[in-house]
Amino acid sequence: MSKLGTLGARLHHGEVGYDFVKNRKIWYGISILITITAIVGLAVRGLHMGIEFQGGAVFTTPKNMSASVAQAETWAEDASGHDAIVQKLGDGSLRIQIAGTDTQKSDQIKEDLSQKLDVPAEKINADLVGPSWGDQIANKAWQGLGIFMVLVVIYLAIAFEWRMALAAFVALIHDITITVGIYALVGFEVTPGTVIGLLTILGYSLYDTVVVFDSLKEQTKDITKQTRWTYAEIANRSINSTLVRSINTTVVALLPVAGLLFIGGGVLGAGMLNDISLSLFVGLAAGAYSSIFIATPLVADLKEAEPQMKSLKKRVLAKRAQASAKGEQAPADADEAPYADDETEDAAAAVVGPRNQPTSRGRGRGRPSGKRR
């Protein structure tokens with residue numbers, strides 16, 4: 001078995017682990033800092049909306065043009081009086097985007113470009129996009145996002161509970177804010193492809209979160225019938241047991257997206273790929289982070305505010321203090337074996353010791369083996 005596979009098995013069985021929930025204030029602080037940076041970038045720089053949203057004209061030249069992107073950009077701006085975006089396509093043709101132009105003005109721009117580029121005007125293809133069409137796309141995107149959010153919250157509230165639904169909602173808002181903020185800071189153009197990518201990453205983010213929540217729901221069934229682990233410790237165990245799976249899923253999803261972004265958009269100069277690949281890349285990474293460091297720790301905070309969970313935590317800590325006073329070891333970490341209720345606790349402890357290792361009978365009934373921490 002590979003090292004990663006061995007690590008995954010050890011994490012799943014609780015033999016090793018990292019206390020994500022205990023350090024949740026650190027993760028909250030990091031997320032707040034990143035979110036504030038994204039909001040500031042969005043407020044200061046704003047989003048660079050494509051012509052699909054603000055209207056304008058797109059001119060496409062014939063293949064194998066000798067003019068450079070910089071030259072074509074200068075000529076287009078001089079002809080239109082507006083900022084222009086020029087991209088060189090794979091066949092050597094130029095795609096020139098100019099916002100804020102109407103039909104009459106686009107004809108004049110087309111004539112000026114044909115003279116500068118030394119190309120007959122009839123060979124330059126011009127497509128006009130009205131601002132009303134862009135408004136319709138934006139409204140439909142917001143409607144789709146709103147409906148998606150409502151359905152997600154309802155589903156999670158029914159399948160799990162409202163606290164998990166709230167935590168997942170916060171994680172999704174976290175992912176959207178970071179992705180949009182990165183777009184503002186980088187200055188990439190926002191197109192319908194960006195919107196598609198943004199809606200797509202919400203599904204990936206939710207998938208990782210639901211995987212952890214499902215494990216947490218299973219492990220916390222009848223949690224109040226035992227006095228060995230708190231809710232936060234079991235939540236931490238759920239994160240560790242699904243950690244390698246989440247990492248593998250994210251890495252596999254990021255590899256082709258990284259190829260689109262860095263190779264297709266960067267090396268090959270296929271700028272249109274940046275529209276969707278950047279939103280996917282940032283969103284997938286943020287979604288994996290939020291499912292591990294935000295959603296589940298937030299659920300633990302919400303649950304441990306309940307009177308039942310507070311009472312359970314007091315009983316667990318009291319039992320550990322009593323065991324410590326007697327010189328015994330009480331399991332204190334969610335990295336150890338799954339809990340049993342009080343009626344079967346002693347019997348289970350005789351068979352399963354800490355880290356799922358058999359316990360010697362000579363050490364006493366129900367007393368785990370191993371050194372004290």
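The first residue of the sequence shown is numbered 1, and numbering continues consecutively from there.
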- Task: Answer yes or no: is there a donor N or O on one side and an acceptor on the other, between the side chain of R320 and the main chain of R228, under 3.5 Å?
- Result: yes
- side chain to side chain donor-acceptor pair (under 3.5 Å) with R24: which of T296, D19, N236, D301? D301
- Does the side chain of Y289 come within less than 4.5 Å of I178's, by heavy atoms? no
- Query: If two hydrophobic side chains count as joined below 4.5 Å and joins carry through other members, does V153 share a cluster with L206?
  - Reply: yes
- Query: Under a 4.5 Å side-chain heavy-atom rule over Ile, Leu, Val, Met, Phe, Trp and Tyr, are V186 and L284 clustered together?
  - Reply: yes
- Query: Should we say atom CZ of R245 is surrounded by more than 12 heavy atoms from elsewhere, each under 6.0 Å from it?
  - Reply: no
Below 3.5 Å, can you tabulate the donor-acceptor pairs from side chains in residues 111-119 to any protein atom, sequence neighbours excluded?
residue: D112; atom: OD1; partner: Q108; partner atom: NE2; Å: 3.1
residue: S114; atom: OG; partner: E111; partner atom: O; Å: 2.6

- Query: When hydrophobic residues are tied together by side-chain contacts of less than 4.5 Å, even through go-betweens, does I32 share a cluster with L302?
  - Reply: no
- Message: With a 4.5 Å cut-off on side-chain heavy atoms, are D214 and F160 touching?
- Response: yes
- Side-chain heavy atoms under 4.5 angstrom apart, residues restricted to Ile, Leu, Val, Met, Phe, Trp, Tyr: same cluster for I36 and L42? no
- Do L312 and T230 come close enough that some side-chain heavy atom pair is under 4.5 Å? no
- For Q308, does the CD atom sit with more than 12 other heavy atoms under 6.0 Å from it, leaving out its own atoms? no
- Which atom of S205 lies closest to which atom of G287, heavy atoms considered: OG-CA, 3.6 Å
- Task: Search all heavy atoms of G283 against all heavy atoms of T179 and return the closest pair with its distance.
- Result: CA-OG1, 3.6 Å
- Message: Check whether S246 reaches the backbone of D208 with its side chain - one donor and one acceptor, N or O, closer than 3.5 Å.
- Response: no
- Task: Kindly give the heavy-atom pair with the smallest separation between S279 and T194, and that separation in Å.
- Result: OG-O, 3.8 Å
- Message: Tell me if a side-chain donor or acceptor on Y231 pairs with a main-chain N or O of I223 at a distance below 3.5 Å.
- Response: no
